[in-house]
S.K.: 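The structure is given below, and queries will be raised subsequently.
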Amino acid sequence: MAGRIGALAIAAILLALTFGTLALVGWRAGAGAGGFALGPADWAAVRFTLMQAALSALFSVALAVPVARALARRRFAGRGALIALLGAPFLLPVIVAVLGLLAVFGRAGVLNSALGWAGLPPVSIYGLHGVVLAHVFFNMPLAVRLVLHGWQAIPAERFRLAAALDFAPGDVARHLERPMLRAVLPGAAVVIFVICLMSFAVALTLGGGPGATTVELAIYQALRFDFDLSRAALLALVQFALCALAVGLAAVFALPAGFGAGLDRAAAPFAAGGWRRWVDGLAIALAAGFVALPLVMVGLRGVPGLADLPPVVWPAAGRSVVIALASCLLSVGAALVLALAVARGARWFGLVAMLPLAASSLVLGTGLFLAVHPFLRPESLALPVTVLVNATLALPFAYRILLPEAQGLEAGFGRLAAALDLRGWARLRWLVLPRLRRPLGFALGVTAALSMGDLGVIVLFAGDSAATLPLIVQQLMGAYRMTEAAAAALLLVGLSFALFALFDLGGRRGVAA
Amino acid sequence: MLQLERVVLAQGAFRLTADWAAEPGALIAVMGPSGAGKSTLLMAIAGFLAPAAGRILWNGSDLGPLPPGQRPVSILFQDQNLFPHLTLAQNLGLGISPRLRLGAADHRRVAAALDRVGLGGLHNRRPAQLSGGQLGRAALARALLRARPLLLLDEPFAALGPALKADMLALVGEIAVETGATVLMVTHDPQDARRFAGQVVLVADGVAATPVATADLFARPPQALRDYLG
């Protein structure tokens, strides 16, 4: 009963946060001088947002296919580690990745140094191609894992049969691989499209200017630089419409599960030899280099600066850790209540738990900004709002991790617990927490790392005194203090992965059979 | 006294009716073909399935409003009768206090119950470290501690060999006598019914029949029982 009331309360809060802020945003947008009419700059932002998301999805998926095929049919030392590495960008703070990409592709980066040495003109990373490059960096690995999952879902017996029938590699592709890709790729592309539609930090750092402003970035500029609340609200409405459209689109395609990949089959599959071996090797090497090189560069540039980090870094790091801890506890707690309610048959709570997927950080932020600014200075609420928004946005991930485990718990032990009158706090303490220790630890780790690296709503609210570590990194970067930025970024990565590892290992330890 | 007052159980197209009472302290075997509704009957008495019509009464009061854990009932399921992440002592302790707030006297009761079922000294083991027979004994020890006047067994010993099962049934009989409990036990095996139960409820063709003395039933088996025994 208490669980049911808790689930209802959480559902009410989530509905208020998503639809309540939306209503506020809509009301404010309608109250503006221009009504609901979009200006030419706004349309440009919409076009750019859609184009960069489409290109990012296209390139991510197209590049992922050869890499996933190579990983599916080759066995080599370090293959498991490489697949694990491909999971890392999901937890990597965006600002750190941007810094790494700048170190490779930026003005003074590795690529331009090489071009200059060869007497060629330098390339610029800023603008559309920079935004797409960063999005491909984040989402190509995700696409690889999704496609690899599809490849591994083809039963080994099919490949055995193909070998017995003397299929050439082209025949295998036609009869086995292309049907699988047709089923998997649209879903993967749509997921990435949605992610890129809502990405803010990449556009903030690599985009900008009239030709490369996303809707989210335009919201930020309207709110922070022009203090044009009506325009910010109107743009937030547009962004919500785009997201809702994309999430609706995603619902049409069967969404592949994002966490399942990386299984290993013991026996090596039947793999084509000859030149294809080299192509596969090249695909794997390029993908590994593409993911690892920016991170290595951040490390190389950051280590010398670690000794004398600017003093603002430390309190910011402290704030970030506090925000991460608070929001991961809030998020996972709420996700657990909802997952348990769904496992007991109240299925509509599941829809509520997925609702934040359609909300973006800046839309929520704009709504909350509009809600508080008549009464309080937004800066004074920067940290609580960041905690709340981070917890909300991470909730669907935590929910998806916990739901199958909660369902297993209910199926396996629900009746026994009821027969023994195990209810409320006693049920939580003696049944739920010990049985779900491992997924709870994992979910806490994921949400803590996501929150630690988040550079979204904080930029709307932060004054000079409440900066988080990602914001400090961005500010150092903006001031071209690259060594200090890299050092702070290194600290940020270290703290993010430490939080993740701490929770994840804590969940695994002491788990009874 | 357990009383089923014109009870109708419904699950989709499935229907089962029952209208009878069980004598206090009776040992009753519940028999019938698979899918006839033997487990469904027990689940309804335990509170996991609300009757579509009629009432289930204990000593004259309706059990309907009570959740499973607050009924005068202990139930042993086919499997998963113990929490695998808790020790035996904790699993038994849940029978005394669901919040596991146990005093020194409670711990002594747990130890005594373990001794009683032949598991003395194993209080720190987890279920994974026990054999199937030991798991059954532990679950019975918890039922002993809960001391509810109605004990429902949904084939908890079905996976055990014949000798072990006979031991367990003997133990059930002893515990029933000690606590004065009424026992309803689902079984497929006519041997179990003959050896253990004074009465049999035959569940077939949508009806859970009134309990009949076991000897009489097997002496003059009705058509449904003859079909079942083959």
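The figures that follow rest on heavy atoms only: side chains count, while hydrogens, waters and symmetry mates do not. None of the values given here were measured: they were computed from a predicted structure.
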S.K.: Calculate, to the nearest 0.5 Å, the distance between atoms CG and CG belonging to B:Asn91 and A:Leu416 respectively.
M.R.: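 One gets 8.0 Å once the value is rounded to the nearest 0.5 Å.
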S.K.: Contact part of B:Gln129 toward chain A, heavy-atom cut-off under 4.5 Å: side chain, backbone, both or neither?
M.R.: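 Neither part.
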S.K.: Below 4.5 Å from any heavy atom of chain A, which atoms of B:Phe77 appear? Answer side chain, backbone, both or neither.
M.R.: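 Only the side chain of B:Phe77 comes within 4.5 Å of chain A.
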S.K.: Does the side chain of A:Leu420 come within less than 4.5 Å of B:Arg142's, by heavy atoms?
M.R.: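 Side-chain contact under 4.5 Å: yes.
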S.K.: Give the minimum heavy-atom separation between B:Leu82 and A:Phe413, together with the two atoms involved.
M.R.: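 Taking every non-hydrogen atom into account, O-CE2, 3.9 Å.
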S.K.: Which heavy atom of B:Arg146 sits nearest to which heavy atom of A:Ala419, and what is that distance?
M.R.: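 Minimum heavy-atom contact is NH2-O, 3.1 Å.
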S.K.: Is there a side-chain contact between B:Pro67 and A:Arg423, using heavy atoms and a 4.5 Å cut-off?
M.R.: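 B:Pro67 vs A:Arg423: side chains apart.
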S.K.: Check each atom of B:Leu100 against the heavy atoms of chain A and say whether the ones under 4.5 Å are side chain, backbone, both or neither.
M.R.: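 Contact with chain A is through both the backbone and side chain of B:Leu100.
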S.K.: Taking side chain as C-beta onward, heavy atoms only, is B:Arg99 less than 4.5 Å from A:Leu422?
M.R.: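 Side-chain contact under 4.5 Å: no.
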S.K.: Below 4.5 Å, heavy atoms only, C-beta onward: do A:Trp430 and B:Pro98 meet side chain to side chain?
M.R.: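 A:Trp430 does not reach B:Pro98 side chain to side chain.
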S.K.: Can you list the residues that meet the ring pair (Phe, Tyr, Trp, His ring centres under 6.0 Å) rule with A:Tyr399, with sequence neighbours excluded?
M.R.: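 Listed in chain order: nothing, the list is empty.
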S.K.: How about B:Glu23: does its CD atom have over 12 heavy atoms from other parts shown lying under 6.0 Å from it?
M.R.: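 No - once you tally the heavy atoms of other residues, nucleotides and ligands closer than 6.0 Å, there are 12 at most.
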S.K.: Centre of B:Phe48's six-membered ring, under 6.0 Å away, within 45 degrees of the axis: is that where NZ or CZ of A:Arg415 sits?
M.R.: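 Yes.
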S.K.: More than 12 foreign heavy atoms under 6.0 Å from CZ of A:Phe19: is that the case here?
M.R.: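 Open: at most 12 neighbouring heavy atoms sit under 6.0 Å from CZ of A:Phe19.
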